[in-house]
Amino acid sequence: MSAAEGPLVVGVDTSTQSTKVLVVDAATGQVVASGQAPHTVSSGAGRESDPRQWWDALHEALRQCGDAAHEAAAVSIGGQQHGLVTLDERGEPVRPALLWNDVRSAPQARRLTEELGGAKFWAERTGLVPAASFTVTKWAWLAEHEPEALRATKAVRLPHDYLTERLTGEGTTDRGDASGTGWWASGTESYDAEILAHVGLDPALLPRVVRPGEVAGTVRDSHDLPFSKGTLVAAGTGDNAAAALGLGLRPGTPVLSLGTSGTVYAVSKRRPADPTGTVAGFADAHGDWLPLACTLNCTLAVDRIATLLGLDREAVEPTTALTLLPYLDGERTPNLPNASGLLHGLRHDTTAGQLLQAAYDGAVHSLLGALDLVLDEDADRSAPLLLIGGGARGRAWQQTVRRLSGRPVQIPEAKELVALGAAAQAAGLLTGEDPAAVARRWNTARGPVLDPVERDEAALARIAGVLSDAAPLLERGTDTH
């Protein structure tokens, strides 16, 4: 390990499929140690994980970091959003967590929207319109399908809250992650008593919302992690808000993130309220807003198509007549929770590489369609798109985004931006800085810029046409039983 100039901090990314840890020099942003350990997620109708494995994965990832983790002065945890973690009176999980990509609560989402004021009410009150991804709909699903689990629940947490609480012994969350629940009012920045009463959730079961820059607690005695007692613990936040911190985003800079899910977002000074539900009006982690649109099907769906075809994920060939909507997990943008994948335009001379390119096109089309809604009216539409996430390193992803956006694309060299953002948040506790300013000082967004190419209007129109024509079929879905 090279000598650090400043104190060390730990940033954690507890994501859908793994926990990643970075030990970072707070002065320079240099990563001095890292670790990673996997999670398991159930398959079938639901997407669930046992929260205790997140703790075990954190332990293993920290072990891989060696002595550096023990020297850390502060730690922060960024995590997958929306997951419903239900705990009993001993702080143990009542049942596995319902994850963000569990779409079983789609009927409850529709019912909640109708029962409580309609889409406009929800958008103006919470910044969100209920969808199967959001925590409030999962709570309603649990109440309907597993009332005994509800009765046993003495605390309700999000994934990053669960790990932070195990570190500090205090039930806390932050405005960024709380804003993705559907029971946090964005106008008053507090829990919404009317919504909580409607879904039968006692606010006493919820964590305290820690303010930006506030210490959530300190590492307590009774833990088996390599932190010193008294190590500062930051509020943490949701993964997208953490990545925004990790990039040091200024208002108006667009981000397209290619991961298990795909997202587009930008920091805004204006509180968002989109009654169509396309844009989620999230809060960010340092006092502004993070309007965001998310697709359920991104790298995982395209990789699945590549596997079915027996191709490397880069083995694409140009196509002009083929459309593939890779809605393998249902979809959130567009809001089609019961949809499955759809292929149109197949011919005798269609190649496997063309099929794969069509999958890329279908995934990117969904994200770019929401980009204009995410950006404020005065945002620079010619500014480079920051391309992040696991897919950002793939040439096929890069070229598809360039061709369908017509914009320059910048690829930050920094990896693990969620963990880096969490580390910047931890560093801010020590220096008193805005975490985004810390990340800018670390120059985390540095990376090559790919020049724009002419936008493929024909492909965009073709995909939009198929999506429109197939809407009744996609909304009906398929019977999987």
Side-chain angles (χ1 to χ4, degrees), residues 79-84 100 105 108-110 112-140 158 160-161 173-196 198-199 201 203 206-207 209-212 235 237-245 249 251-252 254-255 257 261 263-295 332-335 370-377 379:
Q80 55 174 310
Q81 292 185 260
H82 313 312
L84 176 64
W100 61 272
S105 61
Q108 287 73 30
R110 288 191 294 270
L112 286 175
T113 305
E114 294 165 358
E115 289 175 350
L116 206 58
K120 189 171 187 291
F121 165 89
W122 282 89
E124 291 180 350
R125 185 74 73 90
T126 70
L128 313 174
V129 176
S133 300
F134 300 137
T135 325
V136 68
T137 71
K138 300 179 191 303
W139 177 261
L158 298 167
H160 110 261
D161 307 344
T173 190
D174 88 301
R175 70 191 293 271
D177 221 359
S179 70
T181 59
W183 55 59
W184 185 82
S186 59
T188 60
E189 300 207 18
S190 60
Y191 291 128
D192 192 296
E194 182 179 359
I195 291 173
L196 290 172
H198 186 79
V199 299
L201 177 52
L206 298 176
V209 181
V210 177
R211 297 186 303 274
T237 192
D239 50 6
N240 290 299
L245 287 183
L249 280 191
V255 177
S257 177
S261 65
T263 56
V264 287
Y265 57 84
V267 170
S268 174
K269 294 290 186 181
R270 302 168 188 165
R271 182 172 70 91
D274 176 15
T276 73
T278 301
V279 175
F282 296 143
D284 75 356
H286 66 108
D288 290 326
W289 302 93
L290 197 71
L292 176 148
C294 176
T295 63
R332 173 167 155 183
T333 305
N335 186 22
L371 184 60
D372 283 342
L373 297 174
V374 163
L375 292 172
D376 289 336
E377 293 177 4

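Below, all heavy atoms of this structure are taken into account, side chains as well, without hydrogens, waters or symmetry copies. Predicted, not measured: the structure shown is a model, and the values here were computed from it.
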Between L112 and H198, is any pair of side-chain heavy atoms under 4.5 Å apart?
yes

Do D239 and Q81 have side chains that get closer than 4.5 Å, going by heavy atoms?
yes

Name of the residue among L116, V129, T126 meeting side chain to side chain contact (heavy atoms under 4.5 Å, CB included) with F121:
L116

Output all residues satisfying salt bridge (charged side-chain N to carboxylate O under 4.0 Å, His left out) with R332, sequence neighbours left out; order by chain, then residue number.
none

Over 60° means perpendicular and under 30° means parallel, so classify the ring planes of F134 and F282, tilted if in between.
perpendicular

With sequence neighbours left out, the residues meeting ring pair (Phe, Tyr, Trp, His ring centres under 6.0 Å) with H286 are none

By salt bridge (charged side-chain N to carboxylate O under 4.0 Å, His left out), which residues pair with R211, not counting sequence neighbours?
E214

Short question: side chain of T135, backbone of H82 - any donor-acceptor pair under 3.5 Å?
yes

Between A123 and A273, which heavy-atom pair has the shortest distance, and what is it?
O-CB, 3.5 Å

Of all the heavy-atom pairs spanning A185 and D192, show the shortest one and how long it is.
CB-OD2, 3.8 Å

Starting from the C-alpha separation in whole Å, work towards a yes-or-no answer on side chain to side chain contact (heavy atoms under 4.5 Å, CB included) for T181 and T173.
CA-CA 11 Å; T181 59; T173 190; over 6 Å; no

I need the minimum non-hydrogen distance between P254 and A266, along with the two atoms involved.
CA-CB, 4.3 Å

Do the side chain of R175 and the main chain of T237 share a donor and acceptor less than 3.5 angstrom apart?
no

If you look at every heavy atom in D177 and H160, which pair is closest and at what distance?
OD2-ND1, 2.7 Å

In Å and rounded to the nearest 0.5 Å, what is the CG to CG distance from N240 to L292?
5.0 Å

Taking the side chain as every heavy atom from C-beta outward, state whether Y191 and P207 have any atom pair closer than 4.5 Å.
yes

Taking D372 for its side chain and L375 for its backbone only, find out whether a donor-acceptor pair lies under 3.5 Å.
no

So CD1 of I195 and CH2 of W183: to nearest 0.5 Å the spacing works out to 10.5 Å

For the pair T137 (side chain) and A109 (backbone), establish whether a donor and an acceptor sit closer than 3.5 Å, ignoring hydrogens and angles.
no

Has T333 got a side-chain atom pairing as donor or acceptor with T295's backbone, closer than 3.5 angstrom?
no

Can any side-chain N or O of R110 pair as donor or acceptor with the backbone N or O of P130 at less than 3.5 Å?
no

Salt bridge (charged side-chain N to carboxylate O under 4.0 Å, His left out) filter on E114, not counting sequence neighbours, yields none

Using the salt bridge (charged side-chain N to carboxylate O under 4.0 Å, His left out) criterion, which residues pair with D174? Sequence neighbours excluded.
none

Residue pair W289 / R271, side-chain heavy-atom distance below 4.5 Å
yes

List for me each residue that meets side-chain hydrogen bond (donor to acceptor under 3.5 Å, both in side chains) alongside T113, sequence neighbours excluded, and say none if there are none.
none

I need the minimum non-hydrogen distance between G182 and V136, along with the two atoms involved.
CA-CG1, 4.0 Å

Please name the pair of heavy atoms, one in V374 and one in P291, separated by the smallest distance, quoted to 0.1 Å.
CG1-O, 3.3 Å

Determine the sole option in D288, D376, D284 for which the side-chain hydrogen bond (donor to acceptor under 3.5 Å, both in side chains) test with S268 is passed.
D376

